[in-house]
Amino acid sequence: GLVNDVPGLLARAAVFCMPSRWEGSPLACMEAMAAGLPVVGSTIGPIEELVDEGVEGDLVPVGNPTGLSTALLTLLENRGLRRQMGAGARKRAHEQFDVDRMVRRLEELYTWASERVGQTCRLGR
């Protein structure tokens, strides 16, 4: 449902869990990582692209509630591991999801694409 204070909610959490069966672009996962939370998520492409197993969190096969509960309990019971993975998540979010960095990467993509389109037009394709 609607949450008006996402940063406040994330600040009170110990772990972020995203047991999705499908995701387009998991913005909530990126927000949790930026807040320094380790992630327990499903082994689906978009989450796997964000979370390195054992570095920023744990990944569990889709539809595996036992694996999900085990991964969550492991992090909840191990403060040191939770902090380590949370720090890794924050670092990755800062390095890869920072707004300025994402804008630069998007500009690079548009430049690359426009150069390819220009080449194609000049070749008469």
For the atom pair [atom1] ([X]) and [atom2] ([Y]), what is the distance rounded to the nearest 0.5 Å?
X	Y	atom1	atom2	value
L68	D58	CG	CG	10.0 Å
Q96	K91	CD	NZ	9.5 Å
D5	L10	CG	CG	9.0 Å
L9	E31	CG	CD	10.5 Å

Would [X] end up clustered with [Y] when hydrophobic side chains under 4.5 Å apart are linked, directly or stepwise?
X	Y	result
V55	M85	no
L59	L73	no
L81	L37	no

Hey, are the side chains of [X] and [Y] touching, using non-hydrogen atoms and a 4.5 Å cut-off?
X	Y	answer
V103	L106	no
M33	P38	no
W22	V62	no
F16	C29	yes
E108	Y110	no
P26	L50	yes

Counting only heavy atoms not in R105 (residues, nucleotides, ligands), do more than 12 fall under 6.0 Å from its CZ?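 Check fails, neighbour count at 12 or below.
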What's the verdict on side chain to side chain contact (heavy atoms under 4.5 Å, CB included) for R92 and D52, showing C-alpha distance, side-chain angles and the deciding distance? CA-CA 10 Å; R92 181 151 190 192; D52 286 332; 3.2 Å; yes
Ignoring hydrogens and geometry, is there a side-chain-to-backbone donor-acceptor pair from R82 to V15 under 3.5 Å?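 Absent.
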S42 side-chain N/O to S20 backbone N/O, donor-acceptor pair under 3.5 Å: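 Checked: pair present.
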Do you know which two heavy atoms are closest between M30 and S25, and how far apart they sit?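 Smallest interatomic distance, heavy atoms only, reads CE-OG, 3.9 Å.
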Nearest heavy-atom pair of V60 and A71: which atoms, and what distance?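 That closest heavy-atom pairing would be CG2-CB, 4.1 Å.
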Stepwise, does the side chain to side chain contact (heavy atoms under 4.5 Å, CB included) test hold for E56 with V39? CA-CA 6 Å; E56 295 96 11; V39 175; 5.9 Å; no
Pair R21, I44 - check side chain to side chain contact (heavy atoms under 4.5 Å, CB included), show working. CA-CA 7 Å; R21 294 184 179 275; I44 59 172; over 6 Å; no
What verdict does the side chain to side chain contact (heavy atoms under 4.5 Å, CB included) test give for V40 and M18, after you've listed the backbone C-alpha separation in whole Å, the side-chain angles of each residue and the deciding distance to 0.1 Å? CA-CA 6 Å; V40 174; M18 189 166 225; over 6 Å; no
